Participant: 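Pasting a structure below so you can have a look.
Note that the structure is a prediction, hence the values are computed from the model and not measured. Chain letters run A, B, ... following the sequence lines, proteins first, then strands; residues in each count from 1.
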Amino acid sequence: MTSLPDAPPPTSAAPSSVPIILDGWEGDDRSGGGSATGGTRDGRRGHAPSDRLFAGLNPQQREAAEYRGAALLIVAGAGSGKTSVLTRRIAGLIESREAWPSEILAITFTNKAANEMRERVEQLLGGRAQGMWISTFHSACVRILRREAETIGKTQSFTIYDSGDTRALLKRIIKELDADTLGFTVAGTAGRISKLKNELTDIETFARSANLSDPQEVMFLEIFRQYTRALRRANAFDFDDLIAETVFLFRAFPKVAALYQTRFRHILVDEYQDTNHAQYSLIRELTMPVSPDIAEEMEQHGRNVGKLRDVVGAIPGASLTVVGDSDQSIYAFRGADIRNIVEFERDFPGAKVVLLEQNYRSTQNILSAANAVIANNFDRKDKKLWTAVGDGDKIVGYTGYSGHDEAQFVADEIEKLHAAGMDYKDIAVFYRTNAQTRALEEIFIRSALPYKVMGGTKFYERAEIKDSMAYLITVANPDDTLALRRILNTPKRGIGPATETQLASYAEDNGFTFRDAMRDAGSLGLGPKVTGAILQLSALLDEAAAKIDPANPAGVAPVADVLTFLLDGSGYLEVLRNSRDPQDEARAENVDELVAVTREFARNNPDGTLVDFLTEVSLVAAADEIDDSSGSVSLMTLHTAKGLEYDAVFLTGIEEDLLPHRMSANEPGGPAEERRLFYVGITRAKKRLFLSLAMTRAQFGETAVAMPSRYLQEIPADLIDWRQSPGAANGRGGSQSRALNARRPGIGGGTAGRWNESYPVGGSAPAERPKAEWPNRVTGKVRDNGDLELAPGDRIRHADFGEGRVTNVTGEGAKRVAHVQFEKVGAKKLLIKIAPIDKL
DNA sequence: CAGGGTTTCTTTTTT
DNA sequence: AGAAACCCTG
């Protein structure tokens, strides 16, 4: 077939919003076929992409969008419009009929980015984009692995273990082997295994190279072996397996690989600087040419690949476009290898390189700061971001006396921005470690500031959610012993560790699964109560499994129904609701929330199965949670912030031992990576950038002195307007400092000298408040003023802010907010229920 | 086996 | 400070 239909090709109905659903692969009409490297050879190039698609691109961007060739590297500085380039490149390929949508594979860093890219491409094309694969590495691999599961000894409903599951499994193995006596820790072992998998070292390869005279290494090998075996028996993959096993699959089964190599003709990878070796290898496999004999065989099996073949009958490799910025590489700790991008031209000879340096995001002041900071990393290609939008406002700096003081500054400035017309959703607060959210959250709650914490103690990591999910997993994948053991005695049914061990060894001895052992609990000679409990649970799970059995004449039940059935039948929710522990109330609400999530899932994916739901949940990233329409300030780690942008950005905790983090000091390349992290944070800001730090920071329940980060000095002084500079905070706060030291004897005052050396004493604005207003801790923690009646005109006293007059009261019930004009610190909003205030 | 009390450890970043 | 691990009793 050489001619093209005029209408867009019919493609399978892959629901665009849910990349995980398996689309009907065979149903994809590939009849148009196409060769990446020979776009014009077979006459497919009906017409060049219209100028409309490239409107508004600068010459470099346009070149990157239009270039046709086997390999293209787009070096895209922060904010240089790479997403525009990528989406237009994809749209151009499709519009010019060089490619069908189903021939496109685009890899993004988060599911959210994937969905956005898909929407933008569809927008550009007017909706003719079904069948594209736009997803993360992990989602794409899951999709492939589910499809090919049988080939590698798994079933289609395999479970995905997250790092928590991995840790739980390793913990048991280490305990059973008594490996902790040899100094093995769960975290250390998990990290080592992860590293090996990211390097594509499987257990056999490792065993061959292991030094067997080292007992330490022998033990590790045994742990690794048992871990691998447990995963296999549980019909489960861990995160790293998803990538590595796909690579192994392609290498072991070239014909399977050929299916994907011929399907995907144009592969695009975003954030290429953060790919690890396994991901790099996956891309290499996918862009490999198909040999003549396999191509021949495919054709004989009815796969219409003829027009892809070259003169010798082979199918050339797919075209590859990668986008990245080595200055934004921040994932070396999980195996990302900066060499992948640095050596791209060597890996793909003849590759074209396009540089994007013009920044469309930030003001020049922000960019100058970013450029100055990153210039301190040696060993990098010099690259300078520039913008045409002008200097903009100065960067604002602030040094708090404590983490809470810093948080109060952030809250106050956010309120000012909001009062000046900026939406909360356009403001973000970044920090290095999740632990830093505590002070921020305390202050934000008290200030009645709407905020959302991205990532951190994620919803899906909460115990009650993991419990509920474990019920679902057990139903979907009965082989998953880990999930089964988790719910065995949750809620309490009198099945203790001893019984659990008995069941496990009964299964082991007879070659059953744990699940089978439960069904056969009657023959174990346990007490009648325990036996009854096990059989009851077993029956409940069987009944639930029947609900999703495709063979069930009643039809397949929605996920929500299965979940509520399990939660009711097990009594899990009831136990939480009847508990005296006040936290269990919130837990029950979370479980209800999960039920709501399953309903939402069913609404978005009418054909979504339980396995689809579990997959989606397993692969949500922190950045996926961000709801653009929400009127909340976003709080997140610097890592989560990658790829995002906000009008105003607060970078908090810019202190030594935090940024750069203490732990990074030992790592080779650590400080440089931390600097890139700072750079990423700075370049997220469009209009306003705030840098803050504290003189003392609570850590492990102790208060320790903190030093300004070395990176602060790298920013030219004239770019920063210090509201309270490190030097000034120290000078003015001398007595404060001593008071703190007196309270906490462990802190030496001698190191504080450095505070004065490098910073101007006194900012351009005087410190707003006397130090006495700033105790190091938030007072009145578990206060409840629920019944306090306040009206405009009332006078109150606040524990920190002193006296003031209520000007307005808004909100209802527990969310009533008092607007107060304080005598010394100005206007504040306070959540009445918990604010440390008294009516005068 | 369950529940309560005490002790110890934690904080790097995440798909 | 808070969570998890551990230990003890009923």
Participant: Tell me which of A:F700 and A:P497 sits closer to the 5' end of DNA chain B, going by the nucleotide each one is nearest to.
Facilitator: A:P497
Participant: Report yes or no: is the ring centroid of A:Y331 under 5.5 Å from the six-membered base ring centroid of B:dT13, with the two planes under 30 degrees?
Facilitator: no
Participant: If you check every side-chain atom of A:A435, which of B:dT15, B:dT11, B:dT13 has the closest atom?
Facilitator: B:dT11
Participant: Do A:Q436 and A:T433 have side-chain atoms, one donor and one acceptor, less than 3.5 Å apart?
Facilitator: yes
Participant: Can you tell me the distance, in whole Å, between the NZ atom of A:K112 and the C1' atom of B:dT14?
Facilitator: 17 Å
Participant: Take atom CD1 of A:I174 and atom P of C:dA5, then tell me their distance rounded to the nearest Å.
Facilitator: 13 Å
Participant: For A:Y331 together with A:F109, are the ring centres under 6.0 Å from each other?
Facilitator: yes
Participant: Looking at the side chain of A:N489, which of B:dT11, B:dT13, B:dA2 is the nearest nucleotide?
Facilitator: B:dA2
Participant: Expressed in angstrom and rounded to an integer, what is the separation of A:M663 atom CE from B:dT12 atom C1'?
Facilitator: 7 Å
Participant: Compare side-chain N and O positions of A:N198 against OP1 and OP2 of B:dT15 and report whether any pair is under 4.0 Å apart.
Facilitator: no
Participant: By the definition side chain to side chain donor-acceptor pair (under 3.5 Å), identify the one residue from A:D327, A:N376, A:N377 that meets it with A:R675.
Facilitator: A:N377
Participant: Mind checking A:I495 for me? I need base, sugar-phosphate or nothing, with any heavy atom below 4.0 Å counting as a touch.
Facilitator: sugar-phosphate
Participant: Counting any heavy atom closer than 4.0 Å, what does A:T499 reach on the DNA or RNA strands: base, sugar-phosphate only, or nothing?
Facilitator: sugar-phosphate
Participant: Provide the distance between the two C1' atoms, one in B:dT12 and one in C:dA5, to the nearest whole Å.
Facilitator: 23 Å
Participant: Looking at B:dT11, B:dT14, B:dT15, which one has an atom nearest to any side-chain atom of A:T136?
Facilitator: B:dT15
Participant: Report the nucleotide, chosen from B:dT14, B:dT11, B:dG3, that has the shortest atom-to-atom distance to any side-chain atom of A:K492.
Facilitator: B:dG3
Participant: For A:D240, enumerate each residue passing the side chain to side chain donor-acceptor pair (under 3.5 Å) test, keeping only those at least two apart in sequence or located in another chain.
Facilitator: A:S194
Participant: In Å, rounded to the nearest 0.5 Å, how long is the span from CE of A:M469 to CG of A:L614?
Facilitator: 5.0 Å
Participant: Separation of A:E500 atom CD from B:dC1 atom P, in whole Å?
Facilitator: 10 Å
Participant: Taking for each residue the nucleotide of DNA chain B bearing the nearest heavy atom, is the 5' side occupied by A:F239 or by A:Q699?
Facilitator: A:Q699
Participant: B:dT14, OP1 or OP2 - any side-chain N/O from A:T640 closer than 4.0 Å?
Facilitator: yes
Participant: Find the distance A:E702:CD to B:dT10:C1' and express it as a whole number of Å.
Facilitator: 13 Å
Participant: Please report, rounded to the nearest Å, how far the P atom of B:dC1 is from the CG atom of A:L526.
Facilitator: 9 Å
Participant: Does a side-chain N or O from A:K642 land closer than 4.0 Å to OP1 or OP2 of B:dT13, or not?
Facilitator: no
Participant: Would you kindly give the CZ-to-P distance between A:R167 and C:dA5, to the nearest whole Å?
Facilitator: 11 Å
Participant: Set out, in order, the CA-CA distance, both residues' side-chain angles and the distance that settles side chain to side chain donor-acceptor pair (under 3.5 Å) for A:Y572 and A:D467, then state yes or no.
Facilitator: CA-CA 9 Å; A:Y572 188 71; A:D467 291 341; 2.7 Å; yes
Participant: OP1 or OP2 of B:dT13 versus the side-chain N and O atoms of A:N434: is any pair under 4.0 Å?
Facilitator: yes
Participant: Could you check which of B:dT15, C:dG2, B:dT12 has an atom nearest any side-chain atom of A:S163?
Facilitator: B:dT15
Participant: Can you figure out which of B:dT15, B:dT14, B:dT12 approaches the side chain of A:T637 most closely?
Facilitator: B:dT14
Participant: Between C:dA4 and B:dT13, how far apart are the C1' atoms? Round to whole Å, please.
Facilitator: 22 Å
Participant: Within the 4.0 Å heavy-atom criterion, would you say A:K171 contacts the bases, only the backbone, or no part of the nucleic acid?
Facilitator: sugar-phosphate
Participant: Between P on B:dT15 and NE2 on A:H639, what's the gap in Å once rounded to a whole number?
Facilitator: 11 Å
